[in-house]
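Following: one structure in structure tokens, then a few remarks.
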Amino acid sequence: MIEKSGKISIYNLSREDIFEWSKSAGISTFYAEKIWLNLYRNKITDFSKTLDLREDIVELLEQTFYFNKIDLIEVQKASDETMKFLFQLADHSHIETVLMEHKFGKSICVTTQIGCNIGCNFCASGLKPKKRDLETSEMIAQILAVEKYLKENEGEKITHVVVMGIGEPFDNYDNVIKFLEIINDDKGMAIGSRHITVSTSGLAPRILGFSKENIRANLAISLHAPNDLLRSKLMKINKTYPLKQLFDAIYKYIEVTNKRVSFEYIMINNFNDGVEEARELLALLEPIKKYAYVNLIPYNPVLEIGFERSSDERIKAFFEFLIQHKVRCVMRREHGTDIDAACGQLRSKYLN
Ligand code: SF4
């Protein structure tokens, strides 16, 4: 994003970009490295606070770049420690970021767009059309702001990143890929690629593109239904990329990367949660059983949308069917049911 002053956000630059800019400005690689470390190791938010940099370089940085403004408006904390952050961006748009507590650490769920055009029928975010894509810098700023909050309040580090918040990441592809590069950089935030997951609603051509990226982040597919009829009722995107096309892309992705793929499946009462649907899901996953990992997620009801959460018995029967047929599957714990935990609910409530 270029400000009126002509400056650009420093968080839009990868380490390679910083080195290129430095080279063109006559700054040595020694100092380029220091700029990067100041940003992502020392976490400076003011160039005058940089360590070990010459004054003329600081001046040039101040003339060229700015730090994103992202204001924390509200924090909600659930009894299970899930936290939801509502932020206001420089253009007064609002976004949500969620922090989840797991046995293995803390994972942050990052938003990639303001609103979303995919329009899934079960999602609070889909109720508002996309206003714009987020800049890479605005995704980075979410992590830095939550980290700052944690440092001031609890002191624990973020260990995992899931790109699963508001928006379709592959509809903002280039900015998301640069974001992944920055957070994965081993001299910066150093979040390992195995700790990063990108979730898509099923933009088949982008899945093929993602298989060829240098970053080896995990892929998750928001599947939610095992046949075109049900899936098209839930997700408009299925009309553009029906299951055959989606699964052809997934098979190709696995062939190229040899990586496992997670399948997100929200359990909606008497809609997609019967043993018949479990059987259809099994048939879809049969050719890639070795690589598939199914997450069954109890639906988090959204006030404006009519669906209900499946009963525990139906979820259990679905789960057991898959396990009996050797599909790796987990029943995911619900996060933050006592706060507005479904994606986009806090923002929707705030906007209303
Ligand atoms: S589930 Fe994701 S892709 Fe679908 S409308 Fe919501 S934010 Fe968009």
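FYI, side chains are in, hydrogens and waters are out, and symmetry mates aren't considered; it's all heavy atoms of this structure. Ligands are counted one by one from 1 in listed order, and the atoms in each one are counted from 1 as well.
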Heavy-atom check, side chain of Leu61 versus side chain of Trp21, under 4.5 Å: yes

Salt bridge (Lys or Arg N to Asp or Glu O under 4.0 Å) between Asp80 and Lys77, intermediate numbers included: CA-CA 8 Å; Asp80 66 358; Lys77 190 167 184 175; over 6 Å; no

Below 6.0 angstrom between ring centroids: does that apply to Phe321 and Phe318? no

Using heavy-atom distances only, which candidate in Gly167, Ser201, Ser222 approaches atom 2 (Fe) of ligand 1 most closely? Gly167

For Tyr299 and Asp273, which I'm curious about, is there any donor-acceptor pair between the side chains at under 3.5 Å? no

Ligand 1 atoms nearer than 4.0 angstrom to some heavy atom of Cys123 are 1 (S), 5 (S), 6 (Fe), 7 (S)

As an exercise, identify every atom of ligand 1 less than 4.0 angstrom from a heavy atom of Gly119. 5 (S)

May I ask which of Cys116, Gly115, Gly165, Pro169 has a heavy atom nearer to atom 8 (Fe) of ligand 1 than the others do? Cys116

